[in-house]
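Working notes for the structure below.
All heavy atoms count here, side chains included; hydrogens, waters and symmetry mates do not.
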Amino acid sequence: MTVSPRRNRPRRDEHANLDAERVRQGVPAVQQWRDGDWQVRGISGGASVKTYRCPGCDQEIRPGVAHVVAWPADGRGDLTDRRHWHSGCWRARDRRGPAVQRGRGAPRYG
């Protein structure tokens, strides 16, 4: 009895249409919260290369840590309105207020 080997590798043409930038940065989605609609994009650990400060817990998000980026979805904001959040802090933002403990002159990290 002869057994044919299984093909474990995906065919190249199946993934040819993926946009490398969308794969790297994630796909934005609109989420509705009490304070309005927000564009939210998940950032994978591999795509996270800078240090940011989470507005939910006031702790650093180090390079290589998966997290989310959120900005107002109403179209009135710009790139300066984007904030990087720990995923858990973003999900818990309705249950707790911001924990900003740094002074006004401290760096914001993005």
Side-chain angles (χ1 to χ4, degrees):
M1 179 168 117
T2 305
V3 178
S4 299
R6 285 183 28 180
R7 182 181 178 94
N8 289 328
R9 293 181 305 269
R11 298 175 197 265
R12 290 183 185 253
D13 57 337
E14 292 174 1
H15 300 290
N17 294 331
L18 289 177
D19 179 9
E21 188 68 13
R22 284 182 63 188
V23 170
R24 188 178 71 78
Q25 291 190 353
V27 179
V30 175
Q31 294 183 7
Q32 295 178 334
W33 292 80
R34 284 188 290 193
D35 59 348
D37 294 346
W38 292 85
Q39 288 274 0
V40 180
R41 174 178 288 170
I43 303 295
S44 69
S48 175
V49 295
K50 291 173 49 180
T51 299
Y52 299 98
R53 184 158 307 269
C54 175
C57 66
D58 200 38
Q59 300 296 311
E60 289 184 346
I61 302 171
R62 309 287 288 162
V65 175
H67 61 281
V68 298
V69 178
W71 64 95
D74 58 14
R76 291 182 289 186
D78 59 11
L79 292 177
T80 62
D81 294 320
R82 292 186 307 175
R83 295 292 175 260
H84 294 253
W85 292 73
H86 291 108
S87 300
C89 293
W90 176 255
R91 288 189 303 268
R93 62 193 291 267
D94 270 350
R95 295 189 302 269
R96 64 179 186 202
V100 177
Q101 299 170 354
R102 58 182 151 44
R104 291 183 183 267
R108 295 180 71 167
Y109 298 111

Legend entry - Under 3.5 Å: donor-acceptor pair, side chain of R83, backbone of A70: no

Inset, instruction - For R34 and D94, indicate whether the former's side chain and the latter's backbone hold a donor-acceptor pair under 3.5 Å. - result: yes

Inset, instruction - Taking salt bridge (charged side-chain N to carboxylate O under 4.0 Å, His left out) as the test, write out the residues that go with R91, two or more places apart. - result: none

Legend entry - Close side-chain approach of P72 and D37, heavy atoms under 4.5 Å: no

Inset, instruction - Would you name the heavy atoms of C89 and G56 that are closest together and state the gap between them? - result: CB-CA, 4.3 Å

Can you tell me how far [atom2] of [Y] sits from [atom1] of [X], rounded to the nearest 0.5 angstrom?
X: W71; Y: W38; atom1: CH2; atom2: CH2; value: 11.0 Å
X: Q39; Y: D81; atom1: CD; atom2: CG; value: 12.5 Å
X: H86; Y: E60; atom1: NE2; atom2: CD; value: 9.0 Å

Legend entry - Q31 side chain to W90 side chain, donor-acceptor N/O pair below 3.5 angstrom: yes

Inset, instruction - Quick one: do V68 and R41 satisfy side-chain contact (heavy atoms from CB on, under 4.5 Å)? Show the steps, please. - result: CA-CA 6 Å; V68 298; R41 174 178 288 170; over 6 Å; no

Legend entry - Residues which pass ring-ring contact (aromatic ring centres under 6.0 Å, His included) with H67, listed by chain and number, not counting sequence neighbours: Y52, H84

